[in-house]
Amino acid sequence: MKHLGFKRIFPSLFLLSLILSFSISSLAVNHDVRVKLSSFKKLPRISARTLQVAMPGRSFEKLGARFVQLTKHPLSLEKSFGWWNGEGRVWPSPTLYLKGENVLVGSNPAPKRFKIHAHSRGVDWIGIFPVEEYLKGVIGSEMPASYPMEALKAQVIAARTYALKRKTLRKREVFDLESTIMDQVFTWPQKDLPTWAQKKIEKAVDETRGQVLVGTKSRRLIHAFYHADCGGSTESAYEVWQRGKPSSSRHKDRACQARSSNQWRTRLSESQLLAGLKKHYFVGLNTKIENVRVTERTPSGRAKRMRFTLNHGRSIEMSGEGMRRIFGFSRVKSTLMETNYSGKEKRLVVHGKGHGHGVGLCQKGARSHALQGKSASSILKLYYPFAQIQRLKVAEPERLAAAQ
Ligand SMILES: [Zn+2]
């Protein structure tokens with residue numbers, strides 16, 4: 001019976017393993033990430049020792065000049081943009097790939113490979129990096145290098161997962177990642193870190209090479225969000241942004257709860273509040289604020305819904321994270337907060353604990369767990385309980401193909 005049962009089960013197990021290995025190996029196809037370095041109204045002059053240019057899908061051609069001023073060229077026929085070098089040469093494509101030696105865009109050194117993309121508001125400058133190289137630039141900006149090695153490694157794995165997930169989601173976009181807190185902070189030209197810090201970051205990246213977090217069930221890259229300080233407990237993405245499925249991926253960080261250095265307080269005057277609200281909502285001239293309060297909290301105690309009560313019986317409702325966005329992420333540091341509006345003094349006092357949205361890995365918590373001797377993988381298990389580490393095959397950095 002046992003044997004019969006096994007034979008019946010075996011083909012489906014085999015099929016399942018094929019499907020799983022297919023979905024995982026498909027993650028490893030392309031390891032370059034396209035990072036928006038900055039946006040310009042007008043592209044600065046590009047200078048280089050040697051410079052080559054290519055339109056998407058075409059091969060590179062050498063440019064003779066050491067300096068080139070590429071200008072956006074409206075192509076009325078294609079209702080799109082192109083580029084021209086001021087000497088009659090036009091590339092009829094909004095995107096242009098460039099590479100060369102000692103290339104400067106304005107006064108900034110350019111990465112080995114980059115592209116420029118023209119659109120109605122200006123020009124995006126987008127660097128193309130192998131993901132492992134990109135990570136070395138991210139970690140130095142996202143986590144203090146003085147943190148213990150296992151915390152840094154956990155951070156690297158989360159950041160790698162985040163970047164590759166964004167890449168799968170933005171396949172059809174011009175770039176995969178912003179270089180700001182909108183995605184992950186990536187400083188270009190790269191930050192001058194002390195040698196010990198640089199070496200430590202390189203080690204954390206190299207020793208976790210190709211490691212990503214995939215869902216235990218889905219076997220797909222997870223949205224590996226992370227933040228600076230949970231203030232005592234992390235929260236699920238579902239509760240904070242109402243995205244994904246409800247889950248209990250909450251982790252209590254006693255160390256973050258016990259710390260008092262993560263308490264913060266901020267004041268916003270009625271006029272500051274009105275100015276912020278005006279950017280997103282219709283707020284009439286004679287509007288006054290009567291009250292501001294948290295109307296719903298997440299299981300970890302974060303402000304989920306907020307209500308601004310205005311005069312004339314009006315009110316504005318928003319999420320706790322929406323309030324952070326409107327009044328500044330660095331001012332309203334987290335939604336683990338209490339609000340107190342004084343109509344008499346016409347001001348809102350907000351005090352809270354922690355820093356960041358509270359979803360996924362808590363960096364301060366990762367630091368304390370690492371100091372207690374936990375490994376990167378067990379730290380990640382705490383913050384992403386429904387994920388496991390998967391090692392991707394790291395392909396050689398992609399060739400300088402213009403086609404993307
Ligand atoms: Zn924490």
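Every number for a ligand or one of its atoms is a count from 1 in the order of the listing. Given the structure is predicted, the values throughout are model-derived calculations rather than measurements.
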Let's go through Lys203 and Met149 carefully: what are the C-alpha distance in whole Å and the side-chain angles of both, what is the deciding distance for side chain to side chain contact (heavy atoms under 4.5 Å, CB included) to 0.1 Å, and is it a yes or a no?
CA-CA 9 Å; Lys203 192 172 178 227; Met149 183 47 95; 3.6 Å; yes
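- Residues satisfying the side chain to side chain donor-acceptor pair (under 3.5 Å) test with Ser315, not counting sequence neighbours, are none.
- Phe114 does not carry Lys99 over the face of its six-membered ring by the limits of under 6.0 Å from the centre and within 45° of the normal.
- Distance NE2/His369 to NZ/Lys364: 13.5 Å, rounded to 0.5 Å.
- Listed by chain and residue number, the protein N/O/S atoms under 2.8 Å of the Zn ion (ligand 1) are Cys230 SG, Asp253 OD2, Cys256 SG, Cys362 SG, with waters left out.
- Leu177 places none of its side-chain heavy atoms less than 4.5 Å from the side chain of Arg34.
- Using a cut-off of 4.0 Å between Lys/Arg side-chain N and Asp/Glu carboxylate O, Glu150 and Lys374 are scored as not salt-bridged.
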